[in-house]
Amino acid sequence: MSSFVEIIHLVNLVIMLAAALLAVLFRKLLPSVIALSVASLLLSLEFYLLHAPDVAIAEAAIGAGLTMAIFIFAIRGTR
Amino acid sequence: MKTKKIIFGIAFLLFFSLILVSAFQMRPFGEPVLSEMDDYFIANAQQETGTNNVVTSIVFDYRGFDTLGEATVLFTAICAIIALFRGVSK
Amino acid sequence: MSPMSKIVRTITKFVYSIIIIFGFYIIVHGHLTPGGGFQGGAVTASAFALLLVSYGSLASKKFVKKDFLSFLESSGLTLFIALAFLGLGTTFFYNLLANSGGWFGNVSSVGINPGDMNTGGVVPLMNMAVGLEVLSGLGVILLVMAGAMEFTKKKENL
C-alpha cells in the first residue's frame, strides 16, 4: 500500500517537472500558459495526496483557473 | 563577463547542494518535533468552537488576527488594481 | 475580446451554474467539510473567469457590474470586522455564539460524526463574510483586467 502511494507520488512529480519544463521551452505563448496550468493542477493533486484538501482546493481554483484566465487576457490584448 | 558566469555557477551549485542536503536531512512525514499545540487543538477544538473542521476553527477562531490581515491584504491589492486601471476600463 | 467557438459556449452554458453552486456549497459548509470562505470564493470567481473567457464580455449579464461587486467586497470586509467586534466583551475574536443554544449554537458531538449544520458559533458567519469578499474581489480584478484588455486592443487597431 505504501509503495503504491509512493509510486503515484513519483509519477505525479515527474509529470509536473516535465510540464514545467515545457512551459519554459514552448515558443508560442498560449501552449506555454496551458503547460503552466497543467503543472499547477498537478501540484494541487500532490497537495491532495499529502492530506491537505484545503490547500488543494485553493491551488486548483487560483493556480489553474484565475491565473490562466488573466494570462489569456494579457495574450489576447497584446496580439 | 566570464567572472560573472563563474560566480553564478558557484552560487547555483551551493544553493543546489544545500537543497539536496536539506532534502536528505528531512524527518519522516507526519512526525513534527514540537507537537503540544497540535495535540491541544486536536483534543479541544471540537468542544470549544463546535466545528468539525479543525482547520477552519484554527483559521477563523484561534488565529483570527491572521485572517483579518489576509483579508486586509486582499482588499488593499484590489484597491490598488482599481486605481491602476481607473481610466482604462469603462 | 471576440467570443470563442460554439462548442465552448455551449459547454459553458451547462457548466457555470454548477460551478457557482459548488462554490457556495464550499462556503456554507466551511465548518464541516474541507474548504472555507477563501476556497469557495476562489471557485466561484473561477466560474466568472470561465464566462469571461468563453463569451468575451459580460455585457449581457446586468447583475455583474464593477461598482456592485466593489460594494459587495467592502460590505464583506466590514461584516467580518463587525463579527470580530461582536465578542469584544471578552477578547477581540471571541466566539460568542458557540455552544450557546441560539444561532449556530448547538453543541457538537465529539469524535467522528457526519456533522450538524447548526454548530460552530461565529465561524460560519465569518466564512460567509470572507467568501463574499473574496468572490467579489477576484471578480472585480477579472472585470477590470478584461476592460483594460479591450482598451489596449482598440488603441492598437487605431
Side-chain angles (χ1 to χ4, degrees), chain B residues 19 22-90, chain C residues 29-38 66 70 73-74 76-77 80-81 83-84 91-95 97-99 104-116 118-127 129-130 133-134 136-138 140-141 143-152:
Chain B
I19 284 180
S22 65
F24 278 112
Q25 292 280 323
M26 198 178 284
R27 66 183 73 84
F29 179 68
E31 296 175 10
V33 175
L34 302 171
S35 67
E36 292 134 17
M37 207 64 166
D38 313 344
D39 295 337
Y40 176 79
F41 283 144
I42 291 171
N44 291 330
Q46 210 170 12
Q47 304 163 11
E48 286 182 358
T49 67
T51 60
N52 278 353
N53 191 358
V54 181
V55 177
T56 307
S57 79
I58 289 172
V59 165
F60 284 102
D61 199 341
Y62 292 109
R63 302 282 185 263
F65 267 123
D66 292 347
T67 311
L68 182 62
E70 176 197 350
T72 314
V73 163
L74 188 65
F75 185 76
T76 314
I78 290 159
C79 284
I81 286 176
I82 290 178
L84 185 65
F85 289 115
R86 66 190 180 280
V88 175
S89 74
K90 57 181 163 52
Chain C
H29 287 246
H31 59 296
L32 299 178
T33 55
F38 189 77
K66 199 180 75 179
S70 181
E73 183 213 355
S74 309
L77 188 57
F80 183 67
I81 296 176
L83 283 171
T91 47
F92 185 43
F93 265 93
Y94 183 65
N95 199 341
L97 297 172
N99 303 330
F104 298 106
N106 285 357
V107 180
S108 89
S109 50
V110 181
I112 299 174
N113 54 346
D116 185 5
N118 206 9
T119 58
V122 120
V123 173
L125 298 171
M126 279 184 177
N127 264 324
V130 171
E133 193 219 340
V134 172
S136 44
L138 295 178
V140 162
I141 288 180
L143 281 181
V144 166
M145 290 214 167
M149 188 255 314
E150 292 279 340
F151 182 79
T152 48

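Every chain is numbered from 1 and lettered A, B, ... according to where its sequence line falls, protein lines coming before strand lines.
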Out of [options], which one racks up the most heavy-atom pairs below 4.5 Å with chain B?
{"options": "C/Gly36, C/Gly76, C/Gly30", "answer": "C/Gly30"}
{"options": "C/Gly137, C/Gly37, C/Gly121", "answer": "C/Gly137"}
{"options": "C/Val134, C/Asn113, C/Leu138, C/Ile112", "answer": "C/Asn113"}

Checklist entry - Any donor-acceptor pair under 3.5 Å linking the side chain of B/Asn53 with the backbone of C/Leu32? => result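 It does not hold such a pair.
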Item to check | Region of C/Val110 in contact with chain B, defined by heavy-atom distances below 4.5 Å | outcome: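 Both backbone and side chain of C/Val110 come within 4.5 Å of chain B.
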Checklist entry - Contact part of C/Ser74 toward chain B, heavy-atom cut-off under 4.5 Å: side chain, backbone, both or neither? => result both
Next on the checklist: Does any backbone or side-chain atom of B/Glu70 lie under 4.5 Å from a heavy atom of chain C? Answer side chain, backbone, both or neither.
Outcome noted: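 The answer is the side chain of B/Glu70.
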Checklist entry - If we only count heavy atoms from C-beta on, is the C/Asn127 to B/Phe60 side-chain gap below 4.5 Å? => result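 SC-SC contact between C/Asn127 and B/Phe60 confirmed.
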Distance (rounded to the nearest 0.5 Å) between [X] [atom1] and [Y] [atom2]:
{"X": "B/Leu74", "Y": "C/Leu77", "atom1": "CG", "atom2": "CG", "answer": "9.0 Å"}
{"X": "C/Ser136", "Y": "B/Ile78", "atom1": "OG", "atom2": "CD1", "answer": "7.0 Å"}
{"X": "B/Leu68", "Y": "C/Phe93", "atom1": "CG", "atom2": "CZ", "answer": "5.0 Å"}
{"X": "B/Leu84", "Y": "C/Met145", "atom1": "CG", "atom2": "CE", "answer": "8.0 Å"}
{"X": "C/Phe80", "Y": "B/Thr67", "atom1": "CZ", "atom2": "OG1", "answer": "5.0 Å"}
{"X": "B/Thr49", "Y": "C/His31", "atom1": "OG1", "atom2": "NE2", "answer": "10.0 Å"}

Next on the checklist: As a quick check of understanding, evaluate ring pair (Phe, Tyr, Trp, His ring centres under 6.0 Å) for C/Phe92 and B/Phe65, giving each step before the final call.
Outcome noted: CA-CA 9 Å; C/Phe92 185 43; B/Phe65 267 123; 5.4 Å; yes
Next on the checklist: At a heavy-atom distance under 4.5 Å, which candidate from B/Thr51, B/Ile82, B/Asn52 has the highest pair count against chain C?
Outcome noted: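 Top count of heavy-atom pairs under 4.5 Å with chain C: B/Asn52.
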